[in-house]
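In what follows, a structure is listed as structure tokens, so that the remarks can point back to it.
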Amino acid sequence: MVSGDIDHISAKWLGNAIFPGEHMAATIIRPETDVSELEDLSYDLREKLLLLCGEYDGSVHIGGDLSCADILTLLFQYGMHVDPQDLHNPERDRFVLSKGHAAVCMYITMAIRGFFDYREIVDTYGQLGSAYGMHPCKVQLPGVEVSTGSLGHGLPLATGMALHGRRSGMDHRVFTLMGDGETGEGSVWEAALAAHSNNLGNLVAFIDRNRQLMTSFSEERVKLEPYPDKWRAFGWNVIEVDGHDMGALVAAFDSLPDPDSDTPTVIVCDTVKGKGVDFMEANLAWHAGSLNDKDLQRALAALADGRKAA
Amino acid sequence: MAINTASSVPTNTGSADSSAATAGIPGDPEPTTSFTFGELLSSRTVIGQTLKELGETHDNLWVLTPDIGATLVEFRDTYPDRFVDVGLSEQACVGIAAGLANEGNIPVVSGMLPFLSMRALEQVRSDICYPNLPVKIVGTHGGLVGNGGSTHYAVEDLGLMTSLVNMTVTSIGDPLMVGEVLRQSMSMTGPLYIRLAVGKKDKVIYEPGSVAVEIGKGITAREGTDLTLFAHGETVSQALEAAEVLAAEHGIDARVVDMFTLKPIDADLIQRCAEETGRFVVVEDHLAYGGLASQVSDVIADRGLRLEGFRRLGIPQVFAGFGEDTELRDKHGYGLQATVDAALAVTENRPSACANQGSAA
């Protein structure tokens with residue numbers, strides 16, 4: 001910081017904070033998409049992820065990207081009221097990617113929805129000056145609601161955003177996606193208490209319950225079970241669903257209580273790390289990695305085979 | 001002398017960087033309280049009153065606390081929908097504040113600084129400073145105050161906070177200044193840290209209206225030419241007292257600078273003091289390394305300033321133990337007598353002192 005220069009602070013990034021009342025926009029309509037279309041979009045997302053992984057020299061968190069690909073497709077292509085042409089609409093639903101290391105999966109889902117350009121993501125990912133980094137930065141990439149990456153931060157942030165929505169009398173929802181591993185962070189449970197105590201029925205947390213940490217299977221090291229019961233005990237409405245069954249995910253989404261209700265909801269999604277690529281599935285070696293040409297072809301073939309089998 | 005407080009001064013809606021607002025502007029529309037200059041006043045009460053006022057003019061002002069809200073009852077009772085007590089959850093408290101700020105609100109987080117500055121440090125850094133959100137953190141127990149022992153003393157906080165990108169860091173002794181800084185902060189776009197001592201009984205240092213309070217600018221609380229005593233927070237009073245002793249008993253004319261903003265540091269004022277007094281003593285209720293003395297030293301090094309003498313007085317590398325604040329300062333070598341002694345040491349070879357010594361010898 002320049003000594004004695006407070007202009008330096010106040011003139012800097014305003015971020016993309018939105019001031020209520022400044023923006024009078026049309027209500028955002030959620031896209032009408034059926035389950036088979038969503039499945040296609042999810043396949044498209046996985047394929048684009050693998051292709052990026054093949055082009056990028058560095059390591060990508062491919063295991064945890066693939067485990068949440070269907071959830072992110074559900075949110076961005078079906079459930080959430082968001083509009084890439086109207087980023088600051090106060091009525092938009094908010095999304096907080098608490099498992100920030102799945103940023104590239106979010107970028108690509110958002111590109112499929114029209115927020116970003118997929119080619120630009122592939123061409124610049126992780127490079128000097130790029131807005132598309134390993135963990136999302138809202139200041140550099142408008143459309144991203146919050147900067148995340150450090151685990152256990154998303155639920156408190158989403159709770160604050162939901163409090164704002166509630167007190168403003170608006171009926172949008174605030175969604176967050178956490179990995180099951182990060183719910184080992186105490187801050188998650190602090191926020192779980194706060195959300196329940198403040199009756200935030202407009203808050204919805206998805207858990208990507210892939211049962212893997214970086215270096216171990218979670219139940220071996222950290223016994224999270226009985227996991228849904230923990231959330232119930234914290235006063236949350238709990239929905240359990242197969243996180244790779246698009247029909248079930250859509251049904252779960254459609255069963256969400258109204259945003260003006262009083263109980264926050266957690267959707268515990270049973271998932272598989274590396275889902276869709278057989279040699280990555282439930283394989284600790286593929287928490288993160290890169291794909292050479294041969295592996296890329298192998299992964300794409302596995303993805304295609306999996307689709308045929310389904 | 002009875003003087004009206006600044007508690008009902010109209011909200012300063014100008015930018016914090018351009019307005020040199022004064023504490024207690026004469027002509028308050030309807031003064032609500034009065035006090036006698038030099039008496040003790042509760043910073044917490046001032047904060048409560050100021051936040052209630054600001055809540056009226058800023059409908060996006062929120063107050064959050066991890067179970068330290070007893071003195072915020074005015075705000076809580078007036079704006080219950082914008083008051084959140086999360087209980088003992090510092091991390092969630094700061095994260096929720098960041099989420100609110102993300103939506104265009106101005107959250108004030110009030111609590112005890114040892115916990116807000118350390119337990120929630122990563123939330124402060126990544127959730128507030130990274131996106132540069134206008135969250136204010138205001139809290140008590142900065143320094144060896146409150147007699148809670150080392151779990152309850154914030155003695156590293158200024159080192160931690162000044163190292164955070166985008167953070168503005170203040171430490172305030174005068175209770176009325178706290179209100180003024182809060183008012184000014186309403187127009188700041190980034191985060192602000194306000195450090196207080198216990199905040200129950202604080203000495204009113206400045207006669208209202210007598211000094212310009214501007215975030216980022218040090219206050220020359222006493223003019224002097226032989227050396228400069230730099231202080232912040234409660235040690236400003238101690239430095240002023242030391243200056244009186246130095247003048248009365250030793251014929252030394254000490255300048256006292258209240259460097260209530262530690263970041264961004266007022267480097268121009270430090271340079272001017274170096275040029276005009278040539279000798280520095282920094283005294284603070286914080287670890288001697290990492291706080292104001294370190295900030296001042298950085299300016300000295302970066303600007304290549306030449307000094308005839310320099311002493312830093314603060315907490316050494318110890319966990320300080322129990323006792324009243326003045327006892328602990330004496331025990332750990334940064335109390336009133338130590339301040340006087342340090343001033344004598346750095347001025348030992350000043351021209352007039354040499355003359356005095358010559359005559360004394």
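We name chains A, B, ... by the order of the sequence lines, and we start the count at 1 in each one. Note that the coordinates shown come from a computational prediction; the quantities given were computed from them, not determined experimentally.
- Taken to the nearest 0.5 Å, the CD atom of Glu122(B) stands 3.0 Å off from the OG atom of Ser150(A).
- With rounding to the nearest 0.5 Å, the separation of NE2 in His164(A) from CD1 in Ile96(B) is 15.0 Å.
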Going through the checks in order, is the side-chain contact (heavy atoms from CB on, under 4.5 Å) test met by Met161(A) and Leu100(B)?
CA-CA 5 Å; Met161(A) 294 162 78; Leu100(B) 285 165; over 6 Å; no
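- Rounding to the nearest 0.5 Å places CG of Leu157(A) at 7.5 Å from CG of Asn102(B).
- Here the straight-line distance linking atom CG of Leu163(A) with atom CG of Leu64(B) works out to 8.0 Å at 0.5 Å rounding.
- Counting heavy atoms from C-beta outward, Pro156(A) and Gln123(B) have side chains that stay 4.5 Å or more apart.
- Looking at Asp81(B), the atoms closer than 4.5 Å to chain A (heavy atoms on both sides) sit in the backbone and in the side chain alike.
- For the atom pair Glu103(B) CD and Arg167(A) CZ, the distance stands at 14.0 Å (nearest 0.5 Å).
- With 3.5 Å as the limit, one finds no donor-acceptor pair spanning the side chains of Gln91(B) and His153(A).
- For Pro131(B) against Lys138(A), the heavy-atom pair with the smallest separation is CB-CE, 3.6 Å.
- Under a cut-off of 6.0 angstrom, the local environment of CZ in Arg113(A) is crowded, with over 12 non-hydrogen atoms contributed by other residues, nucleotides or ligands.
- If you measure heavy-atom distances from Val94(B) to chain A, you find no contacts under 4.5 Å at all.
- No side-chain heavy atom of Val139(A) sits under 4.5 Å from any side-chain heavy atom of Asn132(B).
- Around CZ of Arg125(B), the count of heavy atoms belonging to other residues, nucleotides or ligands within 6.0 Å does not exceed 12.
- The number of heavy atoms from other shown groups lying within 6.0 Å of CD (Gln127(A)) is above 12.
- Considering only heavy atoms from C-beta on, Tyr130(B) comes within 4.5 Å of Cys137(A) through its side chain.
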